[in-house]
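Heads up: the structure comes next, in structure tokens.
Protein chains get the first letters and strands the later ones, always in sequence-line order, with residue 1 at the start of each.
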2 protein chains.
Amino acid sequence: MKNIIDLPNATAERIPMYYRYLKMLEENQVQRIKSQEFSKIVHVPSATIRRDFSCFGELGRSGYGYDVVFLEKTFAKVLNIERLEKIALIGVGNLGLALIKNNFRRNPNLQITIAFEVNETLTDTIVSGVPIYGMDLLKEKIKENEITTAISTVPSSDANQVLQNLAAAGVHAVLNFAPERLDIPEGMTVRYIDLTSELQNLIYLSNRNQARIENDMVDQF
Amino acid sequence: MKNIIDLPNATAERIPMYYRYLKMLEENQVQRIKSQEFSKIVHVPSATIRRDFSCFGELGRSGYGYDVVFLEKTFAKVLNIERLEKIALIGVGNLGLALIKNNFRRNPNLQITIAFEVNETLTDTIVSGVPIYGMDLLKEKIKENEITTAISTVPSSDANQVLQNLAAAGVHAVLNFAPERLDIPEGMTVRYIDLTSELQNLIYLSNRNQARIENDMVDQF
DNA sequence: CTCAGTTTGTAAGTTATTTCACATAATATA
DNA sequence: TATATTATGTGAAATAACTTACAAACTGAG
């Protein structure tokens with residue numbers, strides 16, 4: 001069983017996705033799964049799956065496959081799922097609102113607990129059970145609630161300032177929806193989701209696929 | 001200049017991000033940029049940047065760097081930006097609504113043109129200039145508008161059915177927000193955005209970073 | 001124009017990731 | 001219990017991605 005510290009990055013990236021599908025299988029009363037079957041579900045080659053799993057010990061049984069519940073429990077431990085992760089949301093615009101309303105409902109360990117917004121028509125209200133404060137209370141409230149994880153949907157121009165404040169308040173993990181690259185404070189982990197680039201990327205890769213298909217057509221003759 | 005077909009995947013993944021920052025630089029009247037400066041902005045090593053760029057020819061000049069406008073134009077061509085990409089949105093819930101309202105405003109070539117939703121209080125209305133139809137009109141309207149790209153925010157249970165219908169309507173690129181893995185029709189390119197897994201991943205990687213930091217502390221003594 | 005100082009583009013070397021392929025071990029059936 | 005079958009876990013090979021390091025090319029100051 002490898003230490004979390006020297007787990008290959010590529011593997012680490014896939015764990016949450018594996019976990020999600022294992023939970024789905026469990027919900028559907030599936031008791032056992034072979035790496036080949038799982039491969040079809042998660043779209044990852046079975047050899048890669050087996051190698052990934054093997055980082056956490058010998059989880060399966062030859063000639064049988066993997067016990068879904070056991071796998072699910074193992075990854076839950078790896079992901080530290082039993083711990084409630086209180087999350088602060090910074091920026092309650094259209095996207096922020098969507099996040100609050102959804103609030104990772106299917107994952108009881110993930111919960112947006114407080115939110116912050118500059119727009120004064122929203123501050124000091126409660127949306128979907130989440131209290132919304134002004135930016136001036138950011139540090140205070142985050143410390144008070146001992147929150148270490150945040151989601152930022154604020155515009156690029158403010159993103160850096162917000163990040164510094166979050167760091168000062170003790171946050172060390174931020175999911176950031178602004179495309180601007182940030183000056184990341186020491187010890188902080190930031191993950192970007194840039195929907196525009198994702199879409200652009202999709203279109204680009206799709207064009208490439210189409211080109212490949214045409215290319216293969218030509219090769220055939 | 002490499003053909004789009006055999007561009008390395010890792011490079012292809014970075015192009016839209018490069019493009020986005022080049023546009024920002026252009027907006028800020030920056031005329032030239034060195035790979036080392038750009039590296040600080042996009043958080044990619046300068047050697048990787050140079051290698052990536054070199055896939056598209058010799059774009060820079062020794063002792064000078066890269067001309068921002070020229071780069072931007074080059075990548076615009078690569079990404080086929082001049083073409084207006086009309087996009088269909090399937091599922092106008094909280095997230096869908098946020099997407100419509102934002103509608104990639106800063107990228108005039110990307111535009112959600114029509115949307116579809118089962119909820120009848122929304123069908124046959126217009127939101128932020130985007131007409132919303134019932135699901136029964138999906139094929140017809142998509143064909144009529146010659147749309148080949150779609151964003152799907154429908155729940156897992158319906159995602160597969162929607163995908164088949166989209167394929168039948170001629171769509172070959174889909175950005176999918178449902179976590180369910182799909183049976184991807186021949187010739188279709190699907191990209192997943194799973195916000196829950198992203199968040200879970202962030203927390204996991206952050207924990208790993210924290211563990212590494214502690215580990216380094218110990219090593220020092 | 002000259003030349004010291006830059007910065008590119010890439011060959012070669014390194015590291016990371018994926019894939020193959022199979023010995024090993026457990027299953028399942030009779 | 002015996003045995004044909006199945007599927008894991010993992011060396012070893014292959015591929016992909018990244019990094020180093022530097023010759024060659026260009027700049028810009030004098």
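Taking the side chain of P45(B) as heavy atoms from C-beta on, and the options dT20(D), dG9(C), dT19(D), the nearest nucleotide is dT19(D). If you check dA7(D), dG9(D), dC18(D) against the side chain of K34(A), the one that comes closest is dA7(D).
Ring geometry for F75(A) versus F56(A): interplanar angle over 60°, hence perpendicular rather than tilted (30 to 60°).
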Indicate every side-chain donor-acceptor pair of residues 148-157 of chain B with a distance under 3.5 Å to a residue at least two apart or in another chain.
| unit_1 | atom_1 | unit_2 | atom_2 | d |
| --- | --- | --- | --- | --- |
| T149(B) | OG1 | E85(B) | OE2 | 3.0 |
| T153(B) | OG1 | I90(B) | O | 3.4 |
| T153(B) | OG1 | G91(B) | O | 2.6 |

Please output the side-chain donor-acceptor pairs of residues 96-103 of chain B that fall under 3.5 Å, not counting sequence neighbours, one pair per line with the distance.
| unit_1 | atom_1 | unit_2 | atom_2 | d |
| --- | --- | --- | --- | --- |
| N103(B) | OD1 | I112(B) | N | 2.8 |
| N103(B) | ND2 | I112(B) | O | 3.4 |

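Atom OG in S46(B) sits 12.0 Å away from atom CZ in R51(B) (nearest 0.5 Å).
Counting any heavy atom pair closer than 4.0 Å across all strands shown, A10(B) reaches sugar-phosphate atoms only and no base atom. Y66(B) comes within 4.0 angstrom of sugar-phosphate atoms only, judged by non-hydrogen atoms across all strands, and of no base. Residue contacts shown for T11(B) are absent, as no nucleic acid heavy atom lies under 4.0 Å away.
In this structure, CZ of F56(B) is placed 17 Å from C1' of dT8(C), rounded to the nearest angstrom. Here dT17(C) presents its C1' atom at 13 Å from CG of L7(A), a figure rounded to the nearest Å. If you measure from atom CG of D67(B) to atom C1' of dT7(C), you get 15 Å, rounded to the nearest angstrom. Between the C1' atom of dT10(C) and the CD atom of E58(B) lies a distance of 10 Å, rounded to the nearest Å. Distance, K40(B) NZ to dT7(C) C1': 14 Å, rounded to whole Å. If you take CZ of F38(B) and C1' of dT7(C), they are 16 Å apart, rounded to a whole angstrom. Rounded to whole angstrom, the span from the CZ atom of F53(A) across to the C1' atom of dT10(D) amounts to 16 Å. Here dA21(D) presents its P atom at 15 Å from CZ of R51(B), a figure rounded to the nearest Å.
For dT19(D), one of the phosphate oxygens OP1 or OP2 lies less than 4.0 angstrom from a side-chain nitrogen or oxygen of T48(B).
Residue I203(B) forms a side chain to side chain contact (heavy atoms under 4.5 Å, CB included) with just one option from T189(A), L110(A), L79(A), L175(A), and that option is L110(A).
Residue V68(B) comes nearest to E26(B) through the heavy atom pair CG1-N, 4.0 Å, listed as atom of the first residue, atom of the second, then distance. Across all non-hydrogen atoms, the minimal contact from D194(B) to S197(B) is OD2-OG, 2.9 Å.
The residue among E37(B) and A47(B) whose nearest nucleotide of DNA chain C lies closer to the 5′ end is E37(B).
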Contact letters for nucleotides 22-30 of chain C, in which S counts primed atoms plus P, OP1 and OP2 and B counts the base, heavy atoms under 4.0 Å: ---BSSS--
